[in-house]
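See below for the structure under consideration.
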Amino acid sequence: NNAVYVEGTFEGEEPKSFTYEHPVSENEVRLVWHWQLQYKVDVVESDGGRVERSGGDWRLPGDTGTVRATPADGYRFGCWTKGASSGHELEPELTFSVGEGPTVLEANFQKEVYVSKSGSDENAGTSWDDALATVTAALEKYATPYVIVDDGVYDITSGLQLTNSITVCGRNAEGAVIRLKEQPVAGDKTRCVFFLDHVAARVHHIAAAGIWNRSRDDQTAVQCGRGICLYNGLVENCVISNNQTVSRTVNGGGAYVGSG
């Protein structure tokens, strides 16, 4: 005769103990616990939104599920920093598969930050009435911002580095001009208006300009003046102007596209 299962004690979805009815006619019985291998699926949210998931926390290997990242007011979805396969990091709704181990799904949200010629870098930048004065300040104050730039010319003295989940976009098409004002220090990241190296680094509706424009015979010219240096990310609907290089052996010109 076999023991008869009565009830179990659970902690979350993981069984911890159980009770059974012992057959009266038997002095000894064999209890066999059949384990089913499952892996934990964890969802991690950054500030600025929530993640909704289909199904429970524990899944069988090979199971599939869906998650959807929804930003809160004042935020935009940035990317999946964990759990997305290559090419799907920027999709708010994601289908995932459970492999031979725990699965972690982490969503990033970009905080909306406003920049205006009438703003001040002492502000928080969370609205047009509280706008910052420079994109540089927006990148310094927030780790992963969505920077909206009002019309006007904004001079910078060093390249803007977008090496995280960061978006810089113009409020209106090509109305915002970001201009590299002074001769920058040598180096890819400073010797251009924008340096992008992240899957969720994006520049939209911006005019990127250099301030120098000398002939190729003028050897005192700045050696490299890129508008855009792109290793990873997206640049679209932008105007790149007034950038040049004095030698074919020097990276420069309007845009330089690296590996990837």
Side-chain angles (χ1 to χ4, degrees), residues 45-51 68-82 84 86-94 106-117 119 121 123-128 130-154 156 158-180 189 192-209 226-240 255-258 260:
E45 301 172 349
S46 67
D47 292 338
R50 70 181 190 277
V51 176
R68 181 170 183 81
T70 303
D73 290 342
Y75 288 83
R76 309 283 182 102
F77 172 69
C79 65
W80 295 99
T81 56
K82 293 181 180 178
S86 179
H88 297 278
E89 299 93 341
L90 304 181
E91 301 173 2
E93 185 168 323
L94 181 70
E106 184 172 1
N108 161 262
F109 300 97
Q110 299 177 350
K111 182 174 180 59
E112 293 179 354
V113 181
Y114 298 85
V115 173
S116 171
K117 295 296 293 183
D121 285 345
N123 293 336
T126 56
S127 69
W128 288 118
D130 191 40
L132 297 169
T134 65
V135 177
T136 300
L139 300 186
E140 291 175 349
K141 287 178 180 286
Y142 301 97
T144 60
Y146 187 100
V147 186
I148 306 170
V149 188
D150 200 7
D151 294 355
V153 178
Y154 299 83
I156 58 175
S158 184
L160 300 173
Q161 301 179 37
L162 278 57
T163 56
N164 204 339
S165 175
I166 298 171
T167 298
V168 178
C169 70
R171 185 179 187 181
N172 301 299
E174 303 168 18
V177 180
I178 299 180
R179 184 173 59 177
L180 194 56
K189 295 183 179 181
C192 54
V193 180
F194 287 103
F195 178 92
L196 294 84
D197 193 7
H198 191 278
V199 66
R202 287 164 279 195
V203 180
H204 307 284
H205 301 297
I206 293 287
R226 306 174 191 144
I228 302 288
C229 186
L230 177 63
Y231 283 89
N232 196 0
L234 174 67
V235 177
E236 65 177 358
N237 298 322
C238 292
V239 173
I240 305 170
Y256 176 78
V257 179

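The minimum heavy-atom distance between A176 and V149, with the atom names listed, is CB-CG1, 3.7 Å. Between T144 and S165, the shortest heavy-atom contact is CB-O, 3.1 Å. Scanning both residues, A107 and A69, for their nearest heavy atoms gives CB-CB, 4.1 Å. Contact detail for L94 and W80: the closest heavy-atom pair is CB-NE1, 3.8 Å. Here the shortest heavy-atom pairing between A209 and V177 reads CB-CG1, 4.4 Å. Nearest heavy atoms, C79 versus L90: CB-CD2, 3.8 Å.
Side-chain atoms of R202 come within 3.5 Å of backbone N or O of G78 as a donor-acceptor pair. Judged by distance alone, with hydrogens and angles left aside, the side-chain atoms of N172 form no donor-acceptor pair with the main-chain N or O of D151 at under 3.5 Å. N123 contributes a side-chain N or O that, together with a main-chain N or O of A131, makes up a donor-acceptor pair within less than 3.5 Å. E140 contributes no side-chain N or O that, together with a main-chain N or O of A138, makes up a donor-acceptor pair within less than 3.5 Å.
Exactly one of R76, K111, Q110 qualifies for a side chain to side chain donor-acceptor pair (under 3.5 Å) with Y146. That residue is R76.
Taking 4.5 Å as the limit, every side-chain heavy atom of Y142 sits out of range of all side-chain heavy atoms of N164. Side-chain contact between P92 and T70: absent, with no pair of heavy atoms (C-beta onward) separated by less than 4.5 Å. In this structure, Y231 and T163 have side chains that are not in contact, with every pair of non-hydrogen atoms separated by 4.5 Å or more. Using a 4.5 Å cut-off on side-chain heavy atoms (C-beta onward), E106 and V51 make no contact. Within the 4.5 Å cutoff, no side-chain heavy atoms of V235 are placed close to those of F194. Here the side chains of T167 and H204 are in contact, with some heavy-atom distance below 4.5 Å.
Summarising the geometry, atom OG belonging to S116 is positioned 12.0 Å from atom CD1 belonging to I148; distances are rounded to the nearest 0.5 Å. Atom CZ in F195 sits 10.0 Å away from atom CG in L162 (nearest 0.5 Å). The distance from the CD1 atom of I206 to the CD1 atom of I178 is 4.5 Å, given to the nearest 0.5 Å. The distance from the OH atom of Y154 to the OG1 atom of T136 is 12.0 Å, given to the nearest 0.5 Å. Rounded to the nearest 0.5 Å, atoms CD1 (I228) and CG (L160) are 9.5 Å apart. From Q161, atom CD reaches atom CG of L196 across 10.5 Å, with rounding to the nearest 0.5 Å.
The number of heavy-atom neighbours closer than 6.0 Å to CG of N237, taken from other residues, nucleotides and ligands shown, is above 12. The number of heavy atoms from other shown groups lying within 6.0 Å of NZ (K82) does not exceed 12.
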Test log, rule side-chain hydrogen bond (donor to acceptor under 3.5 Å, both in side chains), inputs T81 and N108: CA-CA 7 Å; T81 56; N108 161 262; over 6 Å; no
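In this structure, F109 and F77 have perpendicular ring planes: the angle between them is above 60°, well past the 30° mark.
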